[in-house]
Student: 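Let me give you the structure first, and then I'll get to my questions.
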Amino acid sequence: MVLGLSGGIACYKAAELVRELIKAGATVQVVMTEAAEQFITAVTLQALSNRTVFTSQWDAREANNMAHINLTRGADAVLVAPASADFIAKLLHGRADDLLSLLCLARPIERCPLLVAPAMNREMWAHPATQRNVAQLKADGATVLGPGSGDQACGEIGDGRMLEPAELRDELIAFFQPKGLAGRRVLVTAGPTFEPIDPVRGLTNRSSGKMGFAIARAAAEAGAEVTLIAGPVALATPRHVRRVDVTTAAEMHAAALAAAIDSDVFVATAAVADWRVASVAGAKIKKADGRSVPVLELVENPDILAAVARLPKRPYCVGFAAESENLLAYAREKLVKKNVPLIIANIGGATFGEDDNAITLVDAAGDHEWPRAGKLALARRLVAEIAARLEREPTAGRP
Ligand code: CTP
């Protein structure tokens with residue numbers, strides 16, 4: 001890919017961006033405008049990208065002296081980050097008086113997409129001229145990434161910050177994922193729930209939430225509008241995902257039923273606590289010097305997946321079965337008992353907290369074993385599988 005830098009203080013983030021993109025497997029060809037060279041040196045970017053940097057349309061290193069053509073012919077994308085207000089204005093008019101704007105204009109528009117990451121002061125971003133230019137740039141087929149909001153180098157606070165390098169990397173990766181769930185609404189539950197015993201103690205389990213967060217991310221990458229209902233976990237919210245934090249199963253139940261009504265897909269990855277304490281102590285329970293130990297009376301929590309699957313206009317419901325033994329038999333039991341079209345079976349001890357997992361898809365037609373892989377890779381494959389099932393059978397799973 002080509003990474004183009006135009007002039008702005010956010011150029012300092014470009015060094016990290018090059019590293020992130022290379023770590024993610026990209027080949028990065030850096031092109032800089034003259035203004036960008038005021039902020040960061042070509043030496044830094046050459047060292048990090050391991051390729052000579054291009055800065056001029058008169059660069060004699062290319063045999064045909066046509067860097068503006070050659071650089072995009074093998075590229076999968078051009079990302080301009082930072083894209084200054086001036087550079088955006090230039091792009092929109094099809095002006096081409098430096099190498100970067102030239103190559104943006106000369107790129108094969110059908111197979112080399114243009115992505116821009118604006119970076120500027122908030123007043124410059126909010127100005128009607130910039131907003132007009134950005135709207136036209138989008139209408140011309142460019143993808144605008146960000147900008148973010150927050151503290152700016154000038155000391156002001158507002159919209160116009162370039163996205164962080166890791167965010168830009170994730171946006172770029174998402175851009176290239178198939179959009180099988182475009183226009184669909186997806187609801188995901190993730191993580192454990194926490195059922196209080198008293199103000200300082202509770203019942204919970206070892207679910208890390210990683211699989212559910214990976215599914216939410218993969219669904220958003222596939223173009224869905226995603227709501228993620230998360231129990232107590234310390235994971236970052238995937239980009240473009242609406243997150244609702246809950247603690248108890250009862251809260252998760254209420255949030256999931258409210259959101260399920262207009263969802264097309266429900267993936268229940270949460271390890272919902274099966275029981276809660278019948279009456280939560282208002283004050284910390286104290287030890288009675290060995291004379292007695294507290295006895296907890298438990299009551300069963302509502303089954304969220306089964307409740308969603310009972311809705312008259314229910315989404316396509318996918319459940320998980322975390323077992324320690326008899327994996328497939330128990331998974332098939334859950335398929336029937338919860339009345340859902342698909343259950344993902346996995347061994348609890350081999351998935352909780354891990355970064356990878358091995359799963360078996362269990363449906364009415366049979367079992368399909370998927371080999372062990374990273375949770376994000378599995379999530380993407382699962383999202384593609386759900387998209388294909390919705391495509392084949394638009395009302396799949398509805399009673
Ligand atoms: N589930 C749910 N609400 C519950 C319990 C489970 O939505 N109160 C969902 C889980 O998110 C998962 C599926 O049901 O998708 C199966 O969860 P699991 O804990 O494996 O099964 P249980 O139904 O709790 O049965 P058991 O604990 O007896 O194995």
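All values below come from the heavy atoms of this structure, side chains included, with hydrogens, waters and symmetry mates left out. We count ligands from 1, going down the list as the structure has it; atoms in each ligand are counted the same way. The first residue in the sequence is number 1, and the count goes up from there.
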Student: Between Asp170 and Arg217, does at least one N-O distance fall below 4.0 Å, as a salt bridge requires?
Tutor: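 Here Asp170 pairs with Arg217 in a salt bridge, since their nearest N and O are under 4.0 Å apart.
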Student: Linking Ile, Leu, Val, Met, Phe, Trp and Tyr through side-chain heavy atoms less than 4.5 Å apart, which residues share a cluster with Phe194?
Tutor: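 Direct or chained contacts put Phe194 with none.
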Student: Taking atom types as modelled and ignoring hydrogens, do the side chains of Asp367 and Thr360 form a donor-acceptor contact shorter than 3.5 angstrom?
Tutor: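 The criterion, which ignores hydrogens and geometry beyond distance, is not satisfied for Thr360 and Asp367.
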Student: Apart from Met1 itself, what residues make up its hydrophobic cluster when side-chain heavy atoms of I, L, V, M, F, W and Y under 4.5 Å apart count as a link, directly or indirectly?
Tutor: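 Taking Ile, Leu, Val, Met, Phe, Trp and Tyr as members, Met1 shares its hydrophobic cluster with Leu3, Leu5, Leu17, Val18, Leu21, Ile22, Val28, Val30, Met32, Ile40, Leu45, Leu48, Val53, Leu79, Leu115, Leu145, Met162, Leu163, Leu168, Leu172, Phe175, Phe176.
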Student: Show me the donor-acceptor pairs within less than 3.5 Å that the side chains of residues 250-260 make with the rest of the protein, sequence neighbours left out.
Tutor:
from, atom 1, to, atom 2, distance (Å)
Glu251, OE1, Thr247, N, 2.7
Glu251, OE1, Thr248, N, 3.4

Student: Looking only at side chains, do Glu171 and His240 share a donor and an acceptor under 3.5 Å apart?
Tutor: yes
Student: Give me the pairs of N or O atoms, one from ligand 1 and one from the protein, that sit under 3.5 Å apart.
Tutor:
from, atom 1, to, atom 2, distance (Å)
ligand 1, 3 (N), Ile304, N, 2.9
ligand 1, 7 (O), Ile304, N, 3.4
ligand 1, 7 (O), Leu305, N, 2.8
ligand 1, 8 (N), Pro302, O, 2.8
ligand 1, 11 (O), Ala268, O, 3.3
ligand 1, 11 (O), Ala270, O, 2.7
ligand 1, 14 (O), Lys338, NZ, 2.8
ligand 1, 15 (O), Ala268, O, 2.6
ligand 1, 15 (O), Phe320, N, 2.8
ligand 1, 15 (O), Phe320, O, 3.3
ligand 1, 20 (O), Ala322, N, 3.3
ligand 1, 20 (O), Lys334, NZ, 2.8
ligand 1, 21 (O), Lys334, NZ, 2.9
ligand 1, 23 (O), Lys338, NZ, 2.5
ligand 1, 24 (O), Asp274, OD1, 2.8
ligand 1, 27 (O), Asp274, OD2, 3.1
ligand 1, 29 (O), Lys334, NZ, 2.8

